[in-house]
Amino acid sequence: MGSVHGPSAGHTAESDRKVIVAGAQLGPIHVDTPRSEAMGRMVKLMEDAHQQGVKLIVYPEIAPVTFFPRHILEEDELEQYFENEQEAGGDPTKLANLKPLFDKAREFKMDMYIGYAEHAPESPTGKHVHYNTAVYYSAAADSVISKYRKVHLPGTFEPYERKDATNQLEKRYFLPGNLGFPAFRAPGLVPNAVGKKSGAKPNEPDTLGQGDPIIGMLICNDRRWPEAWRPYGLQGAELVLCGYNTTAWAPELLGTSKKVSTKEKAKEEALFHNKLCVTYNSYANACFSINVAKCGVEDGKYPLIGGSCIVDCDGEVVVEAKTEEDELIVAEIDLGMCRRGKEKVFAFQKHRRTEHYGIIVEQTGVVEPALL
Ligand code: CDT
């Protein structure tokens, strides 16, 4: 049994729920970067992680290819950026382009989050069904144990009229995720996790926070929405994983203001908002988060922010990337630390007032009060 116990326990001691985790930040991948070259870089980062004893590695959103939703693409050009799960029989570990990475993860006994453009296995209409997807590979289970499809797709369906605008055509190329926000337990990541074989039941005072780690996944724009984090908080998540491709300069998409009148200032603000979202929501859900960028200037003219970081359950950045290139960030995190927030300030059972939250799910857009 883990050494941090029950709701009355103090939390000054270290727990044995420690795990070494990594974010595998990727530098730019261009339209003409060969798939094999990008995959070689991803494998190299995993090898470095293995050297450092990493047990869970997180790659960015749509990791293996350029961030193609900025381009206007016909259907025959589009499909090269998607991983075809129909051909892989619905098993992501058998995706032809990603297999080298799953094989390495299996060899190193390393869990992995990876984002990719999914050509879905199900196709009820016979037409392509596309999602912006991340999966979690568990080395202990030797299989993909959870899939998440991006819910909050940013940008537009139609391209901007201005020819020099940076498009973000995610609404054109993907369907909104249809899997919700399912938290899951990752087996084998921490020692002595309480399991059902012991006869223990979940949600009892002496098993809370004692089972296998509870994990949630998000993708890029999702991290800006507290609505996307809270479902994970409500499932007791101790760790949220999020890959991203965040533009550093796109006035059409982000709007302009006096404060962000130059490219440098816009990038500073984009980095600030990234950190603001992941630190606050980690704090407010008493969970760690691993947030990982694809970054640098893609195709010679599209800047993406870096700023990959691992954040603790108090909202503090534990480690942060220093470059806009391939870079591994590594930290040992103690998931036992989550108990304090979950049992005190954010003890949801004691403090939430759901009778007042209906508007959040009943209403989508803004309805202002009547004019005076
Ligand atoms: N890839 C992705 O989701 N990008 C969005 C662009 C900004 S929308 C405010 C992001 O959240 O970084």
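Order of appearance sets the numbers: ligands from 1, and atoms from 1 within every ligand. Worth knowing before you read on, the calculation uses all heavy atoms, side chains too, and leaves out hydrogens, waters and symmetry mates. The structure presented is a predicted model; accordingly, all values stated were derived computationally and were not measured.
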Item to complete: Sequence neighbours left out, what pairs pass ring pair (Phe, Tyr, Trp, His ring centres under 6.0 Å) with at least one residue falling in residues 85-118?
Response: His50-Phe108, Phe102-Tyr137
Fill in: Pairs satisfying ring pair (Phe, Tyr, Trp, His ring centres under 6.0 Å), at least one member in residues 323-367, at least two apart
Tyr283-Phe346
Worksheet entry | Candidate list Tyr173, Phe174, Tyr131, test ring-ring contact (aromatic ring centres under 6.0 Å, His included), partner Phe82, passing option | Phe174
Worksheet entry | Close residues, ligand 1: non-hydrogen atom nearer than 4.0 Å | Glu61, Phe67, Lys150, Pro154, Gln168, Glu170, Cys220, Asn221, Arg223, Arg224, Asn245, Thr246, Leu253, Leu254
Discussion item. When you compare the side chains of Thr33 and Arg41, does any donor N or O come within less than 3.5 Å of an acceptor on the partner?
Written reply: no
Discussion item. Considering only residues two or more places apart or on different chains, which pairs with a residue in residues 208-257 satisfy ring pair (Phe, Tyr, Trp, His ring centres under 6.0 Å)?
Written reply: His152-Trp225, Phe181-Tyr232
Worksheet, complete the sentence: When every non-hydrogen atom of Pro182 is compared with those of Ser146, the smallest separation belongs to O-OG, 4.2 Å
